[in-house]
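Quick caveat: nothing in here was measured; it's all calculated off a predicted structure. Throughout, a chain's letter reflects where its sequence line sits, starting with A, and its residues are numbered from 1.
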Protein chains: 2
Amino acid sequence: MTKIPMPGTPVRGSKSGAPIMALFDLLGRHWAMGVLWTLSEIGPSTFRRLQQECETISPAALNTRLKELQAAGFVHRVESGYAATDLGLQLYRQLLPLGSFSKQWAEHLSNEGTPISGPTKPEA
Amino acid sequence: MTKIPMPGTPVRGSKSGAPIMALFDLLGRHWAMGVLWTLSEIGPSTFRRLQQECETISPAALNTRLKELQAAGFVHRVESGYAATDLGLQLYRQLLPLGSFSKQWAEHLSNEGTPISGPTKPEA
DNA sequence: TAGATTGCTATAGAAACTATAGCATATCGT
DNA sequence: ACGATATGCTATAGTTTCTATAGCAATCTA
């Protein structure tokens, strides 16, 4: 198993294990935020369902991610598979603003990003 | 170079390139959030300084991360090295609540203690 | 009993990250 | 001018992590 980052213990990038760095270590793994996001959006779901929603994730990675998220207390097993815990939903809510920010970011990039062959499309 | 995730182009986990998934792909790389966070906190700084603040990051990874963050428009070069852009600071501000959340999370973990157990107490 | 669905493991190869050394340029003190 | 220092960054090697795919054991369904 991969080592699961926990606040207070040395994590990648912080020997002190500062909570924020532990959280970044946990969330800064491929698909970690995506899994929590997806699970929060679609609600309790089976392993397979989650795997489908996460398009390209491999079962091994999904399983690892789920175990980490469980150990962290963000996800738990339920009758019908997996679900976000209250704490997990709380984290999801903290992540929510990133949704609209990402759209703003996408706009910013399409405005400034490609000086080549831009389909002269100035937005209002 | 590593492929830099951009909204609108296929990213890891989303062939559609949904902005949020592109952002997750970018931020879900080791040290991506840590670098932005640190750079925002300490202000404009040199490559070496940043490397020291990020305790264990390797120069290769830092360089890759910086290039990605630059391409994304979150970081730019300045006289004295590197600095977060306005957009980058905006993202940092979105990430800020994670700071206090992570402390709450650390508390939660020290209260519940046992990582592996039966159905945890979801609510009181 | 056969089929479908579930959670998950196995394996191999590719990609990413760490650790460390070191280069080329620029700036500094003398 | 000359060495010492600091800068941004590359090179190499070894480890870890992720993807892709196949498939197994257990549980339901009929």
Next item on the list: Remember a base hit wins even if backbone is also touched, and classify B/Thr46 as base, sugar-phosphate or nothing at under 4.0 Å, heavy atoms.
Entry: sugar-phosphate

Notebook entry, point to check: Can a donor-acceptor pair under 3.5 Å be found between the side-chain atoms of A/Arg48 and the base atoms of C/dT5?
Noted result: no

Margin query: In this structure, how many angstroms lie between the C1' atom of D/dT17 and the NZ atom of A/Lys67, rounded?
Written below: 16 Å

Note to self: If I take atom CD in residue B/Glu68 and atom C1' in nucleotide D/dC9, what distance separates them, rounded to the nearest angstrom?
What the structure shows: 16 Å

Check: With the threshold set at 4.0 Å, does a side-chain nitrogen-carboxylate oxygen contact exist between B/Lys103 and B/Glu107?
Finding: no

Margin query: Is it the case that the side chains of B/Tyr92 and B/Glu41 hold a donor-acceptor pair, with the cut-off being a distance below 3.5 Å and no angle test?
Written below: yes

Item checked: Separation of D/dT17 P from A/Leu26 CG (nearest whole Å) -> 13 Å

Margin query: By nearest heavy atom, map A/His30 and A/Ala60 onto DNA chain C; which one lands nearer the 5' end?
Written below: A/Ala60

Next item on the list: Please report, rounded to the nearest Å, how far the P atom of C/dC8 is from the CZ atom of A/Arg49.
Entry: 17 Å

Notebook entry, point to check: Which sits closer to the 5' end of DNA chain C, A/Tyr82 or B/Gln51, going by the nucleotide each is nearest to?
Noted result: A/Tyr82

Next item on the list: Take atom CD of A/Glu79 and atom P of C/dG7, then tell me their distance rounded to the nearest Å.
Entry: 12 Å

Next item on the list: Measure from the side-chain heavy atoms of B/Phe47 and tell me the nearest of C/dC8, D/dC9, D/dT7.
Entry: D/dC9

Check: Could you give the CG-to-P distance, from B/Leu62 to D/dG8, as a whole number of Å?
Finding: 10 Å

Notebook entry, point to check: When the distance from CD1 of B/Ile57 to C1' of C/dC17 is rounded to whole Å, what number comes out?
Noted result: 9 Å

Check: Can a side chain N or O of B/Arg65 be found less than 4.0 Å away from OP1 or OP2 on C/dC17?
Finding: yes

Item checked: Closest nucleotide among D/dT19, C/dA21, C/dT9 to the A/Ala61 side chain -> D/dT19

Notebook entry, point to check: Is the distance from OP1 or OP2 of D/dT10 to the nearest side-chain N or O of B/Asn63 less than 4.0 Å?
Noted result: yes

Notebook entry, point to check: Is any side-chain N or O of B/Arg29 closer than 4.0 Å to OP1 or OP2 of D/dC18?
Noted result: no

Item checked: Side-chain heavy atoms of B/Pro59 within contact of B/Phe47, under 4.5 Å -> yes

Checklist line | Shared hydrophobic cluster, A/Leu89 / A/Ile42 (ILVMFWY, side-chain heavy atoms < 4.5 Å) | finding: no

Checklist line | Ring centroid separation A/Phe74 to B/Trp105 under 6.0 Å | finding: yes

Check: For A/Leu50 and C/dG7, what is the distance between atoms CG and C1' respectively, to the nearest whole Å?
Finding: 12 Å

